[in-house]
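Whatever order the structure lists them in is the order used to number ligands and atoms, beginning at 1.
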Amino acid sequence: MNTLVLAVLVSATSIIVSPPSLANTSPFAIAIHGGAGTIEKSRFTPEQEKAYRAKLKEAVEIGYQVLEQGGESLDAVTAAINVLENSPYFNAGRGAVYTYEGAHELDASIMDGRDRQAGAVAGVKHIENPINLARLVMEQSVHVMLSGQGAEEFAKNHDVPLIENSLFNTENRYKSLLKAKEKLDKAKQTNKDYQAAHSALPVNFKMGTVGAVALDKTGNLAAGTSTGGMTAKRFGRIGDAPIIGAGTFAENESCAVSATGHGEYFIRYSVAADICARVKYQGKTITEAGDEVINGVLKPIGGTGGVIIVDKDGNLSMPFNTSGMYRASKSNTQATYVGIFKGE
Ligand code: ASP
């Protein structure tokens, strides 16, 4: 056997044995959020802060494990969001805020970066994990967004159990509703209509949401967002969370984004899609693009909130323009990070 043939055989062998080692070096990453707003250290007891941090860590670790074991980014996103939806701490699922009428209406969406498939549900009242239903819409229907009773009918057809709306009741959220209504009633005396009164409410009465973005070892990006919306919302108000391009966006060529904040601004400024467009068309990094949109575009016009972003190389960015954002991240090159306040 001459040396050339031997060289070819050796390199062919190395090609055959290389996939496992290549897989080890493929980047994978996840980031999660549990809402942005007026979140200040002075409002927490040390025990409360610890409990929030532990829940964020649990969610990011569960998603990370899926990725580490070679699972899909969509599964990592769903698993992480389920942990947050099942916790009363965050405004999604169990901890959903109250509508003006004293009920709960939930919104969620999910997007697959590989083919821009997407699913969303809006204004559902009896779904324990709205992110799972959004995924079902993506995978089992020809539609992108289903709302209200129709979405629940679809859920029934797919054997998703409907639960009592009162199961989302929590004492803290109820107190927030009462405070918000008190402020609304006062504001109404000076502002003629409800819309104006509602915009006079301080941001911390209104928000909170959960979300996750992930890159898996095969290079697929995914993003998902789930929320109870804004406290004292009315008239079937829907925020940005279930709107693809506003609260959620994923595209393998650029990035995956999940947003939290004052939904009306995020809808009007197509926040999630705008960030990825800057990455795609202007060659910006996700840190630059996120900062431009959150601090450059939204902040000057009063659009409060933040986003979590992951790109195709596993870089992570979590900009926000409020005093805090519940957040956590982890990648194959970055240890678990958990943050609540600004500057940590
Ligand atoms: N973006 C959500 C909404 O407007 C609320 C939030 O993220 O705090 O419904």
Side-chain angles (χ1 to χ4, degrees), residues 31-39 52 56 81 84-85 87 89-100 103-110 120-125 130-131 134 145 147-148 168 172-173 176-177 180 195 198-199 201-213 223-249 257-275 290 293-294 298-299 301-309 318-327 340:
I32 60 156
H33 70 77
T38 316
I39 305 171
Y52 271 91
L56 291 166
I81 291 181
L84 302 170
E85 283 179 334
S87 160
Y89 296 160
F90 307 99
N91 173 19
R94 290 287 152 162
V97 297
Y98 284 79
T99 63
Y100 189 85
H104 309 274
E105 293 172 3
L106 316 176
D107 305 330
S109 69
I110 193 160
V121 292
V124 293
K125 294 183 182 159
I131 196 70
M145 189 191 285
S147 70
F168 301 116
N172 278 346
R173 300 290 186 204
S176 293
L177 174 67
Q195 307 299 349
H198 198 274
S199 55
L201 271 179
V203 217
N204 54 329
F205 277 123
K206 298 191 271 196
M207 312 183 323
T209 280
V210 310
V213 293
T225 312
S226 181
T227 190
M230 290 168 105
T231 302
K233 64 184 181 179
R234 212 174 178 187
F235 310 127
R237 181 262 184 193
I238 305 288
D240 59 315
I243 298 181
I244 298 302
T248 303
F249 193 74
V257 178
S258 170
T260 172
H262 196 155
E264 280 67 12
Y265 290 85
F266 283 68
I267 295 172
R268 290 191 286 120
Y269 285 82
S270 305
V271 166
D274 187 13
I275 291 172
V293 175
I294 296 302
L298 289 182
K299 198 173 174 186
I301 52 159
T304 49
V307 288
I308 49 172
I309 320 169
M318 303 190 279
F320 53 96
N321 62 26
T322 49
S323 59
M325 180 166 85
Y326 298 108
R327 60 199 185 278
I340 299 181

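In His33, neither the side chain nor the backbone holds a heavy atom less than 4.0 Å from any atom of ligand 1.
Between Ser258 and Gly211, the shortest heavy-atom contact is OG-CA, 3.4 Å. Here the closest non-hydrogen pair linking Met145 and Ala122 is SD-CB, 4.4 Å. Shortest non-hydrogen contact noted between Gly261 and Asp240 is O-OD1, 4.3 Å.
Taking a cut-off of under 4.0 Å to the non-hydrogen atoms of Asp240, the atoms of ligand 1 that pass are 1 (N), 2 (C), 3 (C), 4 (O). The contact set between ligand 1 and Thr260, taken as ligand atoms under 4.0 Å from a residue heavy atom, comprises 6 (C), 7 (O), 8 (O).
With distances taken over non-hydrogen atoms, the option nearest atom 5 (C) of ligand 1 out of Gly261, Ala36, Gly305, Gly239 is Gly261.
Inclusion of Gly263 in the set of residues having an N or O under 3.5 Å from an N or O of ligand 1 is warranted. Some N or O of Arg237 is nearer than 3.5 Å to an N or O of ligand 1, by distance alone. Ligand 1 has an N or O atom lying under 3.5 Å from an N or O atom of Thr209, backbone or side chain.
For the 3.5 Å distance criterion, the side chains of Thr248 and Ser109 qualify, holding a donor opposite an acceptor. Side-chain atoms of Thr322 and Thr304 include no donor-acceptor pair closer than 3.5 Å.
Taking the six-membered ring for Trp and thresholds of 30 and 60 degrees, Tyr326 and Tyr52 have nearly parallel ring planes, at less than 30 degrees apart.
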